[in-house]
Trainee: 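Below is the structure I would like to discuss, written out as structure tokens.
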Amino acid sequence: MSEKVKQAMEYCAKYGQEHLIPYMRPCYSEESLKFATQILQHDLRLIRDRYTVLRDQEENLCMPPEIFDLLYADTETKQGLFQSGLSAIKSGKVAAVTMAGGQGTRLGHFGPKGTYELPFDPIQSFFEIQSQSLIELRDQAHMEIPWLIMTSQENYADTKEYFEQKRYFGYGRDKIRFFTQSMIPVVDMDGKILVHHREILLSPNGNGGIFSSLHTSGNLQWLKENQIRHLFICGIDNVLVKMADPLFIGFAIQNQCDIAAKSSLKKGPKEQAGVFCLRNNRIAYLEYTEINERIADATNERGEYLFGDIGIGMYVYHIDLIEQLSECPLPFHEARKCVEYSLPTGETIRPEKPNAIKFETFIFDSFSHARKVSVLRVPRNREFAPVKNMRGDDSPEDAAILYSKRKDPLL
Ligand code: UTP
């Protein structure tokens with residue numbers, strides 16, 4: 001039997017596609033070899049995982065998750081969480097990581113998204129907002145925590161230069177570490193790699209790339225050597241982010257979970273956001289595209305959504321899980337986008353409708369590798385104002401209003 005056919009048969013058996021094995025018989029034929037080659041080109045693990053999500057929903061295996069709602073916590077509990085987080089911060093066990101490697105295509109900003117200047121009074125960039133939040137934390141903890149910033153390969157130099165220009169916004173320069181995430185080729189709708197100016201077109205491998213990039217950049221080793229145990233991880237575009245929020249860190253520690261995630265209530269059944277659920281007795285995340293109507297509309301007797309908690313992109317990961325994830329590939333999802341490319345003649349093609357597939361991994365796919373995930377629900381108007389689009393929902397103007405009211409005691 002050819003090695004390839006053998007490999008394909010084992011691959012099928014591993015991911016529940018045994019019914020494909022008879023198509024490779026007789027195993028020495030030309031047809032079998034061709035079929036095996038085809039099989040090996042596909043990610044069967046991804047197919048199995050995606051199908052499991054669909055089947056679980058259909059068979060009502062997705063249950064409402066248990067969530068800790070901060071709004072209903074008494075002062076003593078909140079203080080307990082806060083103090084526990086603050087003491088971990090003070091003893092040097094916490095670092096923050098910003099995932100700033102996205103391309104921000106919807107916002108249409110040229111350059112690193114973190115440098116985008118928001119129409120606030122005074123004008124501020126995303127990086128400046130995060131620095132300020134870390135400076136507020138410094139005032140509470142009387143120390144600066146390490147801040148790691150993940151950029152794409154194309155934005156690395158510009159990001160570093162921007163921080164240099166802005167004198168690190170008054171945060172300790174020796175506390176800030178930049179690292180890059182890996183890139184992956186962009187293909188056309190037929191799976192052919194696109195080229196621009198005689199260079200293979202690449203895009204960042206998604207925010208799930210954080211784990212392997214922490215490892216390959218040497219930062220994981222550095223974190224371990226410096227006895228960091230808890231990593232606060234966030235995106236770049238939420239202007240209400242509370243960097244390394246002590247209460248949130250305390251929540252992760254007291255729950256002894258390897259991932260803590262913040263959530264907020266969705267605005268309505270049609271909001272384009274993923275939600276938390278309980279699957280196989282553990283917290284999982286359903287992407288917006290995977291939510292069926294039953295899940296989107298389900299409410300309890302008080303009219304509250306059963307699956308109403310959207311992810312707001314703030315996490316605390318335990319370092320041991322990060323280490324495990326750094327060597328464990330997450331599945332790729334596809335995003336169809338308009339991408340400029342060039343022909344061998346040098347002619348540039350500027351498509352008006354999606355012509356390309358970008359492959360991305362998502363951080364929340366790491367949930368299935370965790371021993372325990374706990375979710376903390378926080379008030380949306382205090383902690384979640386993402387900037388995704390130039391206009392309309394989640395625009396810079398929306399964020400400016402929410403940001404100006406963030407400390408309003410009546411809100
Ligand atoms: P989004 O999914 O909103 O993507 O990223 P984006 O690239 O910023 O925006 P669009 O889709 O191109 O308009 C959520 C968070 O994950 C980070 C982003 O920087 C943002 O903070 N991210 C995303 C990465 O760090 N790397 C990636 O490859 C993708």
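Indexing begins at 1, ligand by ligand and atom by atom, following the structure's order. From a predicted model like this one, the values you see are computed outputs, not experimental measurements. Heavy atoms only: backbone and side chains are in, while hydrogens, waters and symmetry mates are out. Start at 1 with the first residue, then count along the sequence.
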Trainee: Applying a 4.0 Å heavy-atom criterion (strictly less than), which segment of S152 is in contact with ligand 1: side chain, backbone, both, or neither?
Mentor: neither

Trainee: Give yes if a backbone or side-chain nitrogen or oxygen of G206 is under 3.5 Å from a nitrogen or oxygen of ligand 1, and no if not.
Mentor: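 N/O-N/O distance below 3.5 Å exists for this pair.
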
Trainee: Heavy-atom contacts under 4.0 Å between K337 and ligand 1: side chain, backbone, both, or neither?
Mentor: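 Answer for K337: side chain.
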
Trainee: Would you call K224-E323 a salt bridge at under 4.0 Å N-O?
Mentor: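 Yes.
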
Trainee: Taking the six-membered ring for Trp, are H196 and Y341 closer than 6.0 Å centroid to centroid?
Mentor: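 Distance test on ring centres: not under 6.0 Å, no.
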
Trainee: Under 6.0 Å between ring centres: does that hold for F362 and Y285?
Mentor: no

Trainee: Does P64 have any side chain to side chain contact (heavy atoms under 4.5 Å, CB included) partners at least two apart in sequence or in another chain, and if so, which?
Mentor: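 Scan of P64 (side chain to side chain contact (heavy atoms under 4.5 Å, CB included), adjacent residues dropped) gives L306, F307.
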
Trainee: Backbone or side chain, does any N or O of M99 fall under 3.5 Å from an N or O of ligand 1?
Mentor: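 Checking ligand 1 against M99, an N or O pair does fall under 3.5 Å apart.
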
Trainee: Flag T105 as yes when one of its N or O atoms lies below 3.5 Å from any N or O atom of ligand 1, and as no otherwise.
Mentor: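 It does: an N or O of T105 is found under 3.5 Å from an N or O of ligand 1.
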
Trainee: Taking distance alone, with no angle check, do I236 and ligand 1 share an N/O pair under 3.5 Å?
Mentor: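 Yes, I236 has an N/O under 3.5 Å of an N/O on ligand 1.
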
Trainee: Can you give each donor-acceptor pair under 3.5 Å made by side-chain atoms of residues 203-214, sequence neighbours left out, with the distance rounded to 0.1 Å?
Mentor:
unit_1: N205; atom_1: OD1; unit_2: Q181; atom_2: NE2; d: 2.9
unit_1: N207; atom_1: OD1; unit_2: I363; atom_2: N; d: 2.9
unit_1: S212; atom_1: OG; unit_2: G209; atom_2: O; d: 3.3
unit_1: S213; atom_1: OG; unit_2: G209; atom_2: O; d: 2.7

Trainee: So which heavy atom in the protein is nearest atom 4 (O) of ligand 1, and how far is it from that ligand atom?
Mentor: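 The closest heavy atom on the protein side is R106 NH2, 4.1 Å.
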
